[in-house]
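Structure first, commentary second.
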Amino acid sequence: MKILYKHYTLTMLFCTMMAAGAYAQIAEDALMISRTGPIGTARILGLGGGGVALGGDASSAYINPAGLGFYNRSQLVLTPSFQNARTNTRFLGSNSETFDNNFNVSNFGIVINNTKDDIIPADYRGGSFAITYNQTNSYNVNYSFQGENDFSLLDEFALQANGVGSDELFENATDGFFPRYIDAAYENYLINAYPNDPDSYVASIPLGTRALQNGLVEEIGRQSEWDFSYGGNYKDKIYFGASVGFRNFTYEKISTFDEQPLYTEEYAEDGVGFPFFPVDNQLSIDFVDFVTLNETLRIDGSGINATLGLIYRPVNELTLGFSYKTPTFYSITEEYFFDLRSSVLGIQESDDDAPFDLSDPDPLRSPSNFSEYTLSTPSKVSGGFAYFFEKYGFITADVEYVNYAANRFSSNEFNTGDVNTEIDDVMESVINYKVGGEFRYDIFRLRAGYAMYTDPTQYVEDNLDRDRQVLSGGVGISTPKFFADLAVVNTQYSTDFFPYQGSSYFPIEDIPQTDNNTTNVVLSVGFNF
């Protein structure tokens, strides 16, 4: 039998991907996995990430393997980086700022060259084989929020429970099985069934009670790709290449949502129990002190893709580039669970005794529930040019086409039809732009770049500008045997998010909105041999 008491209970709950709100989350997962920003060495990053028509850089293995055909010697390069991610989150009229710092290896590569000397006549000039590593995504960011809300987490629980028989919730509690928010909320007296309607529920706070809500979200993880590539050179006019890429990513999102009801002065002074329904031998709730919902989402996956590229040099000053990256086919494992902790004070209506103050000695738990599925992310088509001003430098520009509505899930565990329909509804194709230039003086290099990554989502409720704008600059030195490049890359964009994973009724106009500002400082050091 369920007993009413003040309790501090840690309840471990695991949800499947078909839980309320799961489709929207899976669509967001697809975008998180398939969307990338500027990638490569400090030289390429200093140019805004463009390089489809450039060659002689280890980044070509990822961007356009035809660029490997420009090499006339072998090369080894390593690119460590430092990232600072700052966020400003707006929630119900309040602002909260957070930041996070991380060190990474953004790029590593070895290029083995086998080209013919200029004095040797031949149409096919040879080429280069490369093994490279690139970090294609960094998920390390923190954001927090705080505000007073008319919509309580308990209201969410009550709305989700409506239509579910209280006997089902009671049976789950009796069996020690808590697969949903509502099972734990019912067991913890955060919601209660109406006496004459056991399929309808009311939150265990007075109607209209505002709540002080706090949240903290920490995202951890990265995505990377190993490429095995070859690029060849025909008559110093046509450069061609191909690569096979092996993707790997790990992502963890840990979020905490805390709520404290803000009772009116009259309610606090009267000390009248709420709700007024007598239950369990005339026990009723006095008040809910606090509720804390902790959630953890872990996603791990690996995938494979291929890239084909071509660069044409019609005149010495101009190169035209084209590359096609196939869809990446991922195998993914996902784990999601949450725990619910609350404090509820109980009184007995039949006498004037002090409120019950008991603690549950054991946490309510259920085993972890894993889901496995596959994801096919969209292909990418890129084109660009580079114009060279003899020995003084060059300018370059790229365009990239991606149809994010082509993301597709499949699974043997659940029907993905609704998930893929959700993706069709909220995502669209985009064109991304990248421009940059390099000035050369003797062994010194000066670079600048800009990129625009267009928002592929079709959300219209919040009028947020989700386009990602990238500004970059860099310097470098280059000698026949050694080179070093430094780049600073700043990325800015806005996002919003539901404060907890299973949000089904949380008012869309009240969800937190975040301005993201990420700065990467990247250093590439390389040796030619």
Side-chain angles (χ1 to χ4, degrees), residues 16-18 22-37 39-40 52 59-66 130-139 221-230 241-253 297-310 322-336 370-382 400-430 432 453 456-457:
T16 66
M17 308 218 350
M18 301 302 289
Y23 295 151
Q25 180 58 49
I26 291 180
E28 292 175 2
D29 292 347
L31 183 58
M32 175 193 69
I33 296 169
S34 61
R35 195 179 192 186
T36 60
I39 296 166
V52 173
S59 304
S60 298
Y62 176 87
I63 299 171
N64 184 356
I131 301 175
T132 59
Y133 165 90
N134 285 286
Q135 181 173 284
T136 56
N137 258 320
S138 174
Y139 301 123
R222 65 178 179 271
Q223 183 181 105
S224 60
E225 178 170 316
W226 283 94
D227 286 289
F228 297 82
S229 315
Y230 181 82
S243 68
V244 177
F246 297 91
R247 286 269 179 98
N248 180 270
F249 76 90
T250 178
Y251 171 80
E252 183 174 43
K253 179 180 179 180
L297 173 68
R298 299 189 182 111
I299 310 176
D300 297 283
S302 57
I304 187 171
N305 60 42
T307 305
L308 301 175
L310 184 69
F322 170 85
S323 71
Y324 171 75
K325 187 176 287 290
T326 69
T328 302
F329 300 95
Y330 288 98
S331 176
I332 298 174
T333 300
E334 180 167 327
E335 178 188 11
Y336 170 70
F370 292 90
S371 295
E372 295 183 352
Y373 52 92
T374 62
L375 171 65
S376 171
T377 61
S379 61
K380 297 181 180 181
V381 179
S382 300
E400 177 185 78
Y401 172 83
V402 189
N403 181 16
Y404 286 95
N407 277 291
R408 281 296 177 268
F409 286 95
S410 62
S411 175
N412 294 325
E413 298 182 4
F414 59 94
N415 188 333
T416 59
D418 289 337
V419 178
N420 293 325
T421 299
E422 175 78 12
I423 291 174
D424 289 335
D425 291 340
V426 302
M427 295 188 191
E428 60 186 0
S429 60
V430 300
N432 302 319
Y453 291 85
T457 63

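Here, residue 1 is the first one in the sequence, and each next residue gets the next number.
- Of the possible donor and acceptor atoms, none in the side chain of Asn64 sits under 3.5 Å from a partner among the backbone N and O of Ser60.
- To the nearest 0.5 angstrom, Arg298 atom CZ is 5.0 Å from Glu335 atom CD.
- Tyr404 has its side chain within reach of Val430: a pair of non-hydrogen atoms, C-beta onward, lies under 4.5 Å apart.
- Annotation: cation-pi geometry satisfied between Lys325 and Tyr62 (NZ/CZ under 6.0 angstrom from ring centroid, within 45° of ring axis).
- In terms of modelled atom types and a separation under 3.5 Å, the side chain of Thr416 and the main chain of Phe409 share a donor-acceptor contact.
- With ring centers used as reference points, Tyr133 lies under 6.0 Å from Trp226.
- Counting heavy atoms from C-beta outward, Tyr139 and Asn137 have side chains that approach closer than 4.5 Å.
- At a threshold of 4.5 Å between non-hydrogen side-chain atoms, the residues Ile39 and Ile63 do not count as touching.
- Taking the six-membered ring where the residue is Trp, the centroids of Phe249 and Tyr330 are separated by under 6.0 Å.
- Counting non-hydrogen atoms of other residues, nucleotides and ligands closer than 6.0 Å to CZ of Arg222 gives a total of 12 or fewer.
- Looking only at side-chain heavy atoms (C-beta outward), Asn407 and Pro378 come within less than 4.5 Å of each other.
- Residues Ser429 and Tyr401 meet the side-chain proximity criterion, which asks for heavy atoms closer than 4.5 Å.
- In this structure, CD1 in Ile33 is found 12.0 Å from CD in Glu28, a value given to the nearest 0.5 Å.
- Ser411 places a side-chain N or O within donor-acceptor distance of the main-chain N or O of Glu372, the cut-off being under 3.5 Å.
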Checklist entry - Can Ser382 and Val52 be said to form a side-chain contact (heavy atoms from CB on, under 4.5 Å), step by step? => result CA-CA 7 Å; Ser382 300; Val52 173; 3.7 Å; yes
Next on the checklist: salt bridge (Lys or Arg N to Asp or Glu O under 4.0 Å) for Arg247 and Asp227? Distances and angles first, verdict last.
Outcome noted: CA-CA 9 Å; Arg247 286 269 179 98; Asp227 286 289; over 6 Å; no
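- In terms of heavy atoms, Thr132 sits closest to Ala61 at OG1-CB, 3.4 Å.
- Separation of atoms OG (Ser243) and OH (Tyr230) is listed at 14.0 Å; rounding is to 0.5 Å.
- Between the side chains of Thr136 and Gln223, a donor-acceptor pair is found at a separation under 3.5 Å.
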Next on the checklist: Would Leu31 and Met427 count as a side-chain contact (heavy atoms from CB on, under 4.5 Å) here? Give the steps.
Outcome noted: CA-CA 9 Å; Leu31 183 58; Met427 295 188 191; 3.7 Å; yes
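- The pair Asp29-Lys253 does not meet the salt-bridge criterion, since no charged nitrogen lies less than 4.0 angstrom from a carboxylate oxygen.
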Item to check | From CA spacing to verdict: side chain to side chain donor-acceptor pair (under 3.5 Å), Asn248, Ser302 | outcome: CA-CA 4 Å; Asn248 180 270; Ser302 57; 5.4 Å; no
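- Atoms OG and CG, on Ser410 and Asn415 in that order, are 11.5 Å from each other to the nearest 0.5 Å.
- There is no side-chain donor-acceptor pair under 3.5 Å between Asn403 and Glu428.
- For the pair Pro65 and Thr307, the minimum side-chain heavy-atom distance is below 4.5 Å.
- When side chains are defined from C-beta on, Thr36 does not count as touching Gln135, because their heavy atoms never get closer than 4.5 Å.
- Rounded to the nearest 0.5 Å, atoms CZ (Phe246) and CZ (Phe228) are 6.5 Å apart.
- Atom CD of Glu252 sits about 8.5 Å away from atom CG of Leu297, to the nearest 0.5 Å.
- A 4.5 Å side-chain heavy-atom check between Ile299 and Thr333 finds every atom pair outside the cut-off.
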